[in-house]
Amino acid sequence: MDSMPSIQVIELGLSRRYAQTHGWVVHALTGWLSAYYMEDTRFRVRRRYEELETGTYVWLCEVESGMPIKPLLRRLQADLPPYRVEEQAASANGHPRYLLDLPESA
């Protein structure tokens, strides 16, 4: 009997200052992530929300356990303005978060 793959929840975040600097990125990232699911069905967006305290835009995503996230982040670099990724151990919800922010020099 085949077992179902285990699912891990991760967060992809966009800092307030990155979103303010590049106003179109929130909508572009939403569309990009939807299209990415068509390429890799191990990935899906559960929902998007904005953290009121920080202004961070967050996409709550489900991925199969063991699915590497770094290739997805590298693919985004071709379509979005320059950014740096801050890997955070866990958000307030206990999920690992990858926060896209302006590069250090910005």
Side-chain angles (χ1 to χ4, degrees):
M1 180 170 133
D2 291 330
S3 62
M4 295 294 292
S6 61
I7 300 297
Q8 175 186 12
V9 176
I10 64 158
E11 296 177 357
L12 185 58
L14 195 64
S15 74
R16 174 183 296 190
R17 63 189 197 137
Y18 187 86
Q20 287 177 335
T21 303
H22 308 290
W24 57 272
V25 170
V26 173
H27 297 293
L29 187 53
T30 298
W32 194 96
L33 292 173
S34 294
Y36 191 76
Y37 169 74
M38 301 303 282
E39 284 184 32
D40 193 337
T41 57
R42 299 175 300 165
F43 173 89
R44 95 178 39 225
V45 175
R46 186 186 287 176
R47 69 185 181 104
R48 185 190 95 189
Y49 63 94
E50 184 178 355
E51 285 182 343
L52 298 178
E53 316 81 51
T54 64
T56 300
Y57 290 91
V58 178
W59 288 261
L60 198 60
C61 305
E62 295 177 349
V63 297
E64 284 186 17
S65 291
M67 178 184 167
I69 299 304
K70 293 197 188 277
L72 177 146
L73 296 172
R74 278 194 303 274
R75 292 264 319 272
L76 273 174
Q77 288 178 329
D79 296 319
L80 297 180
Y83 62 83
R84 65 182 170 90
V85 178
E86 181 182 324
E87 293 182 43
Q88 301 174 341
S91 68
N93 297 328
H95 307 298
R97 179 179 285 183
Y98 301 88
L99 182 69
L100 306 183
D101 199 357
L102 291 174
E104 291 296 330
S105 60

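Count residues from 1 along the sequence.
Distance CZ/Phe43 to CD1/Ile10: 6.0 Å, rounded to 0.5 Å. We find the OH-CG distance between Tyr18 and Leu102 to be 7.5 Å, quoted to the nearest 0.5 Å. Of the inter-residue distances, the one linking Leu99 atom CG with Thr56 atom OG1 reads 5.5 Å to the nearest 0.5 angstrom. Note that the OG atom of Ser15 and the CZ atom of Arg84 stand 7.5 Å from one another [nearest 0.5 Å]. If you take CZ on Arg46 and NE2 on His95, they are separated by 6.5 Å, rounding to the nearest 0.5 Å. Distance NE2/His27 to OH/Tyr57: 7.5 Å, rounded to 0.5 Å.
With contacts defined as side-chain heavy-atom distances shorter than 4.5 Å, the pair Glu11/Tyr49 qualifies. Counting only heavy atoms from C-beta outward, the side chains of Arg16 and Thr54 never approach each other to under 4.5 Å.
Tracing side-chain contacts under 4.5 Å through hydrophobic residues (I, L, V, M, F, W, Y), one reaches Leu12 starting from Leu80; they form part of the same cluster. Clustering ILVMFWY residues whenever any of their side-chain heavy atoms sit less than 4.5 angstrom apart, transitively, puts Ile69 in the very cluster that holds Leu33. Residues Trp24 and Leu14 share a hydrophobic cluster, clusters being chains of Ile/Leu/Val/Met/Phe/Trp/Tyr side chains in contact below 4.5 Å. Cluster membership check: Leu60 does not share its hydrophobic cluster with Val45, using side-chain heavy-atom separations under 4.5 Å among Ile, Leu, Val, Met, Phe, Trp and Tyr.
In terms of heavy atoms, Pro103 sits closest to Pro82 at CD-O, 3.5 Å. Shown here for Gln8 and Pro96, the closest heavy-atom pair between the two residues is NE2-CG, 3.6 Å. What you find for Gly13 and Arg97 is that their closest heavy atoms are N-CG, 4.5 Å.
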Practice task
Apply the test side-chain contact (heavy atoms from CB on, under 4.5 Å) to residues Leu76 and Leu100: give CA-CA distance (whole Å), side-chain angles for both, the deciding distance (0.1 Å), then the verdict.
Solution key: CA-CA 10 Å; Leu76 273 174; Leu100 306 183; 4.3 Å; yes
Practice task
Go through Trp32 and Leu72 one step at a time and tell me if the side-chain contact (heavy atoms from CB on, under 4.5 Å) criterion holds.
Solution key: CA-CA 10 Å; Trp32 194 96; Leu72 177 146; 4.0 Å; yes
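Take Asp40 and apply the side chain to side chain contact (heavy atoms under 4.5 Å, CB included) test, not counting sequence neighbours, and it matches Tyr36, Arg42, Met67.
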